[in-house]
Amino acid sequence: MITSHKQIAATLLVSASLAVSLGVFSPQKVQAASVSSDFAVTATSGLTGTIQSSVRLRTSASTSGSVLRYLNEGEQVTIVEQTNSYWYKVRTSDGTVGYTSAGEQYIRVGSGSGNTSSGQTGVIQASVRLRELPSTSGKVLGYLNRGDQVAILEQTNSYWYKVKAADGTVGYTSAADQYISVGGETSTPAPTPVPTPAPNPTPAPAPDPTAPSQSAVIERVIAAGMGYLGTPYEFGSSRSNTSTFDCSDFIRQIFIDAANLKLPADSRQQGAWVQQNSNTVTDISGLKRGDLMFFMDYKGNSASAYAGIDKSAARISHVAMYLGDGQMLQTYSVSSGGVRVDKLSASWVNRFLYGGSVIR
């Protein structure tokens with residue numbers, strides 16, 4: 001029996017497809033540092049991520065991983081897995097596979113362009129305000145009542161949906177489950193007749209979206225900080241970009257990113273802000289996860305070098321964030337490698353002045 005070239009090619013194509021489906025080989029590019037494919041795929045796997053700000057693509061889920069290239073704003077990648085709270089494993093449009101930060105300031109995850117809620121219908125569960133902006137300070141455009149249907153245009157963040165109401169009004173409303181239930185894909189709801197209101201109607205009062213708990217905000221701030229691990233140190237770094245940080249610039253930026261809270265620009269002013277707005281402690285054992293820590297100048301490693309110093313009058317020269325279990329998140333020198341997590345050594349303990357919480 002004579003086998004044609006077309007038959008051979010077809011056979012090879014089927015065999016190759018079978019090999020891929022069985023995991024014998026992958027058509028992805030081979031990286032300088034390959035990563036095991038034996039991972040637990042999370043619910044994020046298969047979604048599309050849209051890059052929000054230029055960020056490194058690395059060979060491993062660590063700032064010590066080699067940089068493959070930079071992912072640019074607007075670029076789309078396929079999420080292969082969420083490796084942990086801080087890293088996604090992704091595939092770029094040219095087939096390169098690597099790891100990048102899971103921080104919301106760098107990547108927005110959804111099913112294709114836009115997010116997973118876009119194009120779906122929301123059913124209002126309890127009377128809630130429709131606002132002009134995704135903020136409780138946004139102008140109230142009207143009220144959505146129980147049973148109303150809205151078209152979900154996007155999930156702006158964890159707390160707000162951008163929606164289109166039945167009368168065509170576009171605005172923002174709470175994403176909390178007690179106010180809205182999101183269903184399957186549908187078209188924009190058709191306008192429905194609006195009954196003539198009674199004279200001087202008074203809309204039913206509705207609570208604004210529930211604010212996240214203190215601990216939830218603190219964890220978001222810490223996660224934002226972890227997303228900057230390895231970012232180089234620069235004394236007097238620019239407050240207008242995140243390419244380098246000094247200690248106070250780093251702390252200021254992660255509160256902007258995660259809590260939309262802008263602290264003063266230097267460590268001494270930040271220390272004064274905490275004293276004025278929070279309860280401070282001078283004993284490290286009294287610190288809580290997420291508290292800021294303020295330190296004086298380095299005098300030496302021994303406790304005797306700091307004997308006789310009035311720490312209540314000492315000048316602040318450094319700020320860091322306490323993570324608990326004797327660890328802190330900080331950046332303090334070029335030689336240290338930039339943003340990092342450190343143990344509270346005796347030297348840091350000796351230099352400690354006071355600490356306190358920003359989020360209350």
Side-chain angles (χ1 to χ4, degrees), residues 51-56 58 60-65 82-88 99-108 157-158 212-267 269-271 273-274 278 284 287-295 316 318-334 336-345 348 352 355-360:
I51 303 303
Q52 305 298 295
S53 178
S54 182
V55 64
R56 298 173 179 89
R58 297 183 180 272
S60 61
S62 167
T63 54
S64 61
Q82 181 163 6
T83 308
N84 54 40
S85 299
Y86 312 116
W87 296 90
Y88 285 127
Y99 295 83
T100 193
S101 170
E104 291 181 355
Q105 67 269 37
Y106 293 117
I107 188 169
R108 184 182 67 185
N157 54 39
S158 300
S213 67
Q214 176 187 9
S215 60
V217 176
I218 289 170
E219 291 306 316
R220 286 214 312 265
V221 173
I222 292 173
M226 291 296 187
Y228 288 117
L229 287 174
T231 300
Y233 177 87
E234 180 188 14
F235 179 75
S237 57
S238 170
R239 268 51 178 170
S240 63
N241 66 65
T242 59
S243 59
T244 59
F245 291 120
D246 61 19
C247 65
S248 54
D249 183 20
F250 170 61
I251 293 298
R252 180 175 179 267
Q253 186 63 48
I254 63 178
F255 278 97
I256 292 173
D257 289 349
N260 196 29
L261 173 63
K262 187 176 288 186
L263 293 174
D266 68 64
S267 58
Q269 291 176 343
Q270 289 172 0
W273 189 96
V274 170
S278 183
I284 285 177
L287 291 173
K288 305 181 301 299
R289 180 172 169 84
D291 282 358
L292 295 189
M293 307 175 69
F294 298 95
F295 300 89
I316 293 172
H318 181 63
V319 59
M321 175 171 282
Y322 187 62
L323 299 180
D325 298 324
Q327 293 187 316
M328 57 184 180
L329 179 62
Q330 63 174 350
T331 184
Y332 60 90
S333 72
V334 173
S336 69
V339 178
R340 55 185 285 164
V341 174
D342 284 306
K343 283 284 188 183
L344 265 169
S345 64
W348 288 114
F352 178 70
S357 176
V358 171
I359 305 299
R360 300 191 64 194

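What you are looking at is a predicted structure, and each value in this text was computed from that prediction instead of being measured.
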Problem - Any donor-acceptor pair under 3.5 Å from Thr100 side chain to Arg56 backbone - result: yes
Problem - Approximate separation, where rounding is to 0.5 Å, of Ser278 OG and Ile359 CD1 - result: 10.0 Å
Exercise for the section: Could you pull out the closest heavy-atom pair between Arg252 and Pro264, with the gap in Å? Expected result: CD-O, 3.6 Å
Handout entry: Side chain to side chain, Leu229 and Met226, heavy atoms closer than 4.5 Å
Key = yes
Exercise for the section: Could you check if a side-chain atom of Thr244 sits within less than 4.5 angstrom of a side-chain atom of Asp249, using non-hydrogen atoms only? Expected result: no
Problem - OG on Ser333 to CZ on Phe235, rounded to 0.5 Å - result: 13.0 Å
Problem - Any Tyr99 side-chain heavy atom under 4.5 Å of Tyr86 side chain - result: no
Fill in the blank from the handout: Looking only at heavy atoms, the pair that brings Ser60 and Gly65 closest together is OG-CA, 3.3 Å
Practice task
Please tell me if the side chains of Tyr332 and Asp342 come closer than 4.5 Å, counting only heavy atoms from C-beta onward.
Solution key: yes
Exercise for the section: Begin with the C-alpha distance, continue with both residues' side-chain angles, and end with the deciding distance and a verdict on side-chain contact (heavy atoms from CB on, under 4.5 Å) for Leu292 and Phe255. Expected result: CA-CA 11 Å; Leu292 295 189; Phe255 278 97; 4.0 Å; yes
Handout entry: Candidates Met293, Gln330, Gln270 - the one meeting side-chain contact (heavy atoms from CB on, under 4.5 Å) with Val319
Key = Gln270
Practice task
Find out whether Ile222 and Leu323 are in side-chain contact, i.e. whether some heavy atom of one side chain is under 4.5 Å from a heavy atom of the other.
Solution key: yes
Problem - Donor-acceptor contact present, side-chain Thr231 to main-chain Val339, <3.5 Å - result: no
Completion exercise
Interatomic distance, CH2@Trp273 vs OG@Ser267, rounded to 0.5 Å, equals 15.5 Å
Exercise for the section: Measure across Asp266 and Gln269 and return the closest heavy-atom pair with its distance rounded to 0.1 Å. Expected result: OD1-N, 2.9 Å
Problem - Polar side-chain atom of Arg289 near backbone of Gly324 as donor-acceptor pair, under 3.5 Å - result: no
Practice task
Check the pair Gln327 / Lys343 against side-chain contact (heavy atoms from CB on, under 4.5 Å), numbers first and verdict last.
Solution key: CA-CA 5 Å; Gln327 293 187 316; Lys343 283 284 188 183; 4.1 Å; yes
Handout entry: Straight-line distance of Leu344 CG to Tyr322 OH, nearest 0.5 Å
Key = 6.5 Å
Exercise for the section: Would you sort out whether Ser62 and Ser64 count as a side-chain hydrogen bond (donor to acceptor under 3.5 Å, both in side chains), showing the intermediate values? Expected result: CA-CA 5 Å; Ser62 167; Ser64 61; 2.8 Å; yes
Practice task
Mind listing the closest non-hydrogen atom pair of Ser248 and Ala265 along with its distance?
Solution key: OG-O, 3.2 Å
Exercise for the section: Decide yes or no for Ile218 and Lys288: does some side-chain heavy atom of the first lie under 4.5 Å from some side-chain heavy atom of the second? Expected result: no
Exercise for the section: Give the ring-plane orientation class for His318 versus Phe295, where under 30° counts as parallel, over 60° as perpendicular and anything between as tilted. Expected result: tilted
Handout entry: Pair Arg239 + Asp246, salt bridge at N-O below 4.0 Å
Key = yes
Problem - Atom pair OG1/CZ of Thr63 and Arg58 - distance to nearest 0.5 Å - result: 6.0 Å
Exercise for the section: Check whether any side-chain heavy atom of Tyr106 lies under 4.5 Å from a side-chain heavy atom of Gln52, and answer yes or no. Expected result: no
Handout entry: Minimum heavy-atom distance Ala258-Ala224, with the two atoms named
Key = CB-CB, 4.1 Å
Practice task
Please assess Thr242 against Gln105 for the test side-chain contact (heavy atoms from CB on, under 4.5 Å), listing each intermediate value before the final yes or no.
Solution key: CA-CA 11 Å; Thr242 59; Gln105 67 269 37; over 6 Å; no
Problem - Student check: side-chain heavy atoms of Thr331 and Tyr228 closer than 4.5 Å - result: no
Handout entry: Val55 versus Ser101, closest heavy-atom pair with distance
Key = CG2-CB, 4.2 Å
Exercise for the section: First locate atom CH2 of Trp348, then atom CD1 of Ile284, and finally report the distance between them rounded to the nearest 0.5 Å. Expected result: 11.0 Å
